[in-house]
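Just so it is clear, the values below take in all heavy atoms, side chains as well, and ignore hydrogens, waters and symmetry mates.
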Amino acid sequence: MTRTPETQSGRSVRNGLRYPLVAATIVVGAVAGILLFAGVPLAARSIAAIYALSIAGLEFVRMIGRLKKGIVGVDVLAVIAIVSTVLVGELLAALIIVLMLTGGEALEDYAQSRAEREMRALIDRSPRTAHRVSPDGERVTVDIGVSEVAVGDVLLVRPSEVVPVDGLLSPEIDVAEFDESSLTGESLPVLRRGGEQLFSGSINGPTAIRMTASRDAAHSQYQSIVLLVSEASAHPAPVVRLADRFALPFTGVALLIGAVAWILSGDPVRFAEVLVLATPCPLIIAAPIAFMAGMSRGAKTGIIVKGGAVLELLSRVRTVVFDKTGTLTYGLPTISDVRAEPPFTAHQILQLAASAEQYSSHVLANSIVEYVTAAGLQLHDAVEAEETAAGGVSARVGTDEVHVGTLGFIRDRAPRAKATTLAAGELAIYVAVNNQFAGAIIARDRLRGNAREAIAELQRRGAEHMVMLTGDAYATAASIADLAGISDVRAGCLPSGKVDAVATMPDRPVMMVGDGVNDAPVLAAADVGIAMGARGATAASESADVVILVDDLAKAVDAVAIGQDSVRIALQSIWIGIVLSVVLMLVAAFGVIPAAVGAGIQEAVDLICILNALRALSSPPRNR
C-alpha cells in the first residue's frame, strides 16, 4: 500500500520526538543555512556556534558522569573536536560532528534492531489467543486470551494458526502436519499422530485440529523460549567493554597527531581537522552489535545464548565436559536382560522397578516403563515417590519400599548390593526392595552418530581437554568414551562429585554439555553450561548459559562457532575503525582533508564498521 503524505509526515514527527537532538541539529543547520543565504552570516555563525558548544557541554557533563564510574571513553575526542572546530571557525564541520554524535543513537537503534531480528521475531510470534471448545461437547468455540487456557481445556487450532499451549493432539486425528521451525530451526514440516505431544509456537498445517492442553501458557514450550530470549537480550557482554581498553591509548594518539600537526604547520585548523577524524563509533557501537547479532543467529537455529558474556566465554573454551546418557548417547536405551537375585524373580523386579520409575523424568526410567508396558505387565500406583538427581528413585509400591538407580544409590539402602558384569555398551539399573538387593536390569544405549565428529571439531576449535562425567559404572562409560574419542573418563559420580570435578578442572573456561534433564547443578557450576534438548522451563534450562532446543550434539559445536565468530567480528570491527581513523588523521595532518569533508568521511568509516559487525548474523559455522 502506498503511504500518504500525512503518514510520512506523522512518521517523521515520531522519529523527531524519538531522537530530539538529531531533529534539533537538522533544524539548526537549516536555519543557519537560510540565514547565510539571506545575507546574515553573523547570525548564522552565532546560532551554529552556540548550538554546537551547547551539545559539547551536554556531552562533557555525561563524560564526567562516566569518568566518576571509572569509564574512560572516546567521547572526550568528540567534545574536543566540536570545541576546536568552533574556535577555528569551521562551523559546518562542527554541526556535522554534532549530527554524527547525536545521530549515533539512531544508527545504533537501526543496527541493534537488525541484529536482534531473529530474537524479536521469536517474541513477536508468541501465541496470544486460543479457541476453546465448549465443554458441552458441541463444536462451539470461544476466543480467549492464551493466559486463560487451563490444563484439560479442549482447543481448536485452525489451519496455519500457532499452537497456543503445549498439549496432546486429539486421538481422533490420524496424522497432522506442523511447522516447528521457530522451536528447532528445522525447516521441514513435522508429522504428529493422534495422542502425540504438540508444543506451543509450532504452526498448524492445512487442516484444522483439536488438542487438549497439558500445560498452561506460563509453563508451555514457546513461552519458556520467549522468557529465555528476553533474559538473554538483557545481559550485555563484558567483552563489549573491550572498546574502553582502546579508548585511552586511541585518545592519546589522536591528540598527539593533532598537536604535532598544529606545531609543525603553525595552523590551529590542522588540530581541528585531525580531531574531526578521531571520533570512531566502532569503539562504542560495533562490538555490542556483533554480540547481539551472534545471539540472534543462535536463536534462529534453536540455540538460545543467555547474554554476550556467554559468547565471549564460548570463544575461549579449553575444556569440554560431557554427560553420557542422552548427551553422547541417544538416550534411548533398550532393555536387554534382567538379572534377579533370589528370592526375587525377573517378573517381580521389572514390575516393581517400573511402578517406581513411572514418576521419574530420566531416560532410563522411561525405557523401563515402556518395556514393562509393552510386555503387558501391570503398573502399580506408588506413593511417597522421591527422585535423587543422578542417583535414583525411591517409592512405596503397595507394602514394598522400592529403590531403583545407580549401584552407589542402592548400596546406601542395601549394603549387600553387588556390581554385575557388563559388556561394552551395556549399563545396569540396580534395584532394592525393602532394603534387600533384588537384582539388576541391563540396558544398551548407542553412541550418537555425530558424537566423534563433534568432539573432533571442538578440539580443532581449541578445546584441548575432553572429559566424560557420569554416574554409570566405569566399564559402561569407558566403552562409550572410547567410541567417542574421549580418554578422560570419570564414572560413578554423584551430583556433588560432578560439581567438584568441574570446579577443579585447570584448563578454563570449562564448558559442560548435559541432556537438560538432571544436570542442573553441574551446568550451573561450569563456566558455560549447555542444556541440550531442554524443552520448557526445566531446572537445567534455567541453570544453563546456553539452551539447545533440539536434541543434536552438533549444535554445541555451532554454539562455540557462533561465539568465536562474534568475538572475531567484534574485534575486527574495532580495529577497522581504529586503523582507518589513524590513517585518515595522518593524512589530515598534512592539511589535505578539510574539516567538513573529514566529518563526512568519518561517518562513512562508522557505517563500514557497523555493517561489518552485522556480519555476525550470517557468518556460517566452519565445515565439519
Q: Examine distances only and state if a side-chain atom of Asn435 and a backbone atom of Ala414 form a donor-acceptor pair shorter than 3.5 Å.
A: no

(Q) Rounded to the nearest 0.5 Å, what separates atom CD in Glu426 from atom OG1 in Thr420? (A) 8.5 Å

**Q.** Side-chain heavy-atom pair Ile429, Val404 within 4.5 angstrom cut-off
**A.** yes

Q) Hey, what do you get for CZ (Arg210) to CD (Glu172), rounding to the nearest 0.5 Å? A) 5.0 Å

Q. Is the backbone N or O of Thr421 less than 3.5 Å from a side-chain atom of Arg339, with the two atoms forming a donor-acceptor pair by type?
A. yes

Q | Any Glu457 side-chain heavy atom under 4.5 Å of Val560 side chain | A | no

Q) Where do Thr301 and Asp558 land on the side chain to side chain contact (heavy atoms under 4.5 Å, CB included) test, with the steps shown first? A) CA-CA 9 Å; Thr301 57; Asp558 288 346; 5.8 Å; no

Q: For residues Val157 and Asn204, report the shortest heavy-atom separation together with the two atoms involved.
A: O-ND2, 3.2 Å

Q: May I ask you to test the Phe291-Val567 pair for a side-chain heavy-atom distance under 4.5 Å?
A: yes

Q: With the side chain counted from C-beta on, respond yes when His403 and Val393 share a heavy-atom pair under 4.5 Å apart, and no when they do not.
A: no

Q: Say whether Arg615 and Gln572, considering side chains only, have a donor N or O and an acceptor N or O under 3.5 Å apart.
A: yes

Q) What's the shortest heavy-atom distance between Gly326 and Met532, and which atoms? A) O-CE, 3.5 Å

Q. Among Gln564, Arg461, Met511, whose side-chain contact (heavy atoms from CB on, under 4.5 Å) with Leu314 holds?
A. Met511

Q) With no hydrogens and no angle check, is any side-chain donor or acceptor of Ser355 less than 3.5 Å from a backbone partner on His380? A) yes

Q | Heavy-atom check, side chain of Ile548 versus side chain of Val513, under 4.5 Å | A | no

Q: Inspect the contact between Lys324 and Asp445 and indicate whether a charged nitrogen and a carboxylate oxygen are less than 4.0 angstrom apart.
A: no

Q) What are the two closest heavy atoms between Gly201 and Val162, and how far apart are they? A) CA-CG1, 3.7 Å

**Q.** Listed partners of Gln436 passing side-chain contact (heavy atoms from CB on, under 4.5 Å), at least two apart
**A.** Pro343, Phe344

Q | Polar side-chain atom of Ser296 near backbone of Met292 as donor-acceptor pair, under 3.5 Å | A | no

Q. For Ala544, does its backbone N or O pair with a side-chain atom of Lys306 as donor and acceptor, under 3.5 Å?
A. yes

Q) Looking at Val320 and Ala463, what are the two nearest heavy atoms and their distance? A) CG2-CB, 3.7 Å

Q: Starting from the C-alpha separation in whole Å, work towards a yes-or-no answer on side chain to side chain contact (heavy atoms under 4.5 Å, CB included) for Thr470 and Arg490.
A: CA-CA 7 Å; Thr470 178; Arg490 307 184 190 187; over 6 Å; no

Q: For Arg193, check side-chain contact (heavy atoms from CB on, under 4.5 Å) against everything at least two apart and list the hits.
A: Asp174, Val175, Glu196

Q | Any side-chain donor near an acceptor of the partner, Asn450 and Asp552, under 3.5 Å | A | yes

Q: Any chance you could lay out the side chain to side chain contact (heavy atoms under 4.5 Å, CB included) test for Thr329 and Arg446, step after step, and finish with the verdict?
A: CA-CA 5 Å; Thr329 66; Arg446 292 184 299 117; over 6 Å; no

Q. Any salt bridge between Asp527 and Arg508, counting N to O under 4.0 Å?
A. yes

Q | Approximate separation, where rounding is to 0.5 Å, of Arg448 CZ and Ile480 CD1 | A | 11.5 Å

Q) Is it true that a side-chain atom of Asp482 and a backbone atom of Ser479 form a donor plus acceptor pair closer than 3.5 Å? A) no

Q) Does atom CD of Glu464 have more than 12 heavy-atom neighbours from other groups under 6.0 Å away? A) yes

Q. Measuring from Ser367:OG to Ile335:CD1, what's the distance to the nearest 0.5 Å?
A. 5.5 Å

Q.
Between Arg396 (side chain only) and Ala385 (backbone N and O only), is there a donor and an acceptor less than 3.5 Å apart?
A. no

(Q) Looking at every heavy atom in both Leu553 and Ala451, which two are closest together, and how far apart are they? (A) CD2-CA, 3.7 Å

Q) Are Arg215 and Asp166 within salt-bridge range, i.e. N to O under 4.0 Å? A) yes

Q) Side-chain contact, heavy-atom cut-off 4.5 Å: Leu379 with Val372? A) yes

**Q.** Point-to-point distance, once rounded to the nearest 0.5 Å, from CD of Gln351 to CD1 of Ile368
**A.** 13.5 Å

Q: Decide whether Arg444 and Thr334 meet the rule of one side-chain donor and one side-chain acceptor closer than 3.5 Å.
A: no

Q. Side chains of Val467 and Thr319: closer than 4.5 Å at any heavy-atom pair?
A. yes

Q: May I have the step-by-step check of side chain to side chain contact (heavy atoms under 4.5 Å, CB included) for Leu169 and Ile209, ending in yes or no?
A: CA-CA 8 Å; Leu169 184 61; Ile209 59 99; 3.9 Å; yes

Q: Determine the sole option in Leu198, Leu155, Asp216 for which the side-chain contact (heavy atoms from CB on, under 4.5 Å) test with Val165 is passed.
A: Leu155

Q) Would you say the side chain of Asp500 lies within less than 4.5 Å of the side chain of Lys498, judging by non-hydrogen atoms? A) no

(Q) Tell me whether Arg411 forms a cation-pi arrangement with Phe409, defined as NZ or CZ under 6.0 Å from the six-membered ring centre and within 45 degrees of its axis. (A) no

(Q) Tell me if a side-chain donor or acceptor on Ser315 pairs with a main-chain N or O of Glu312 at a distance below 3.5 Å. (A) yes

Q | Minimal non-hydrogen separation, Ile455 against Gly485, with atom names | A | CG2-O, 4.5 Å

Q) Is the number of heavy atoms from other residues, nucleotides or ligands within 6.0 Å of CZ (Phe437) greater than 12? A) yes

Q: Working to the nearest 0.5 Å, report the span between OH of Tyr430 and CD1 of Ile410.
A: 10.0 Å

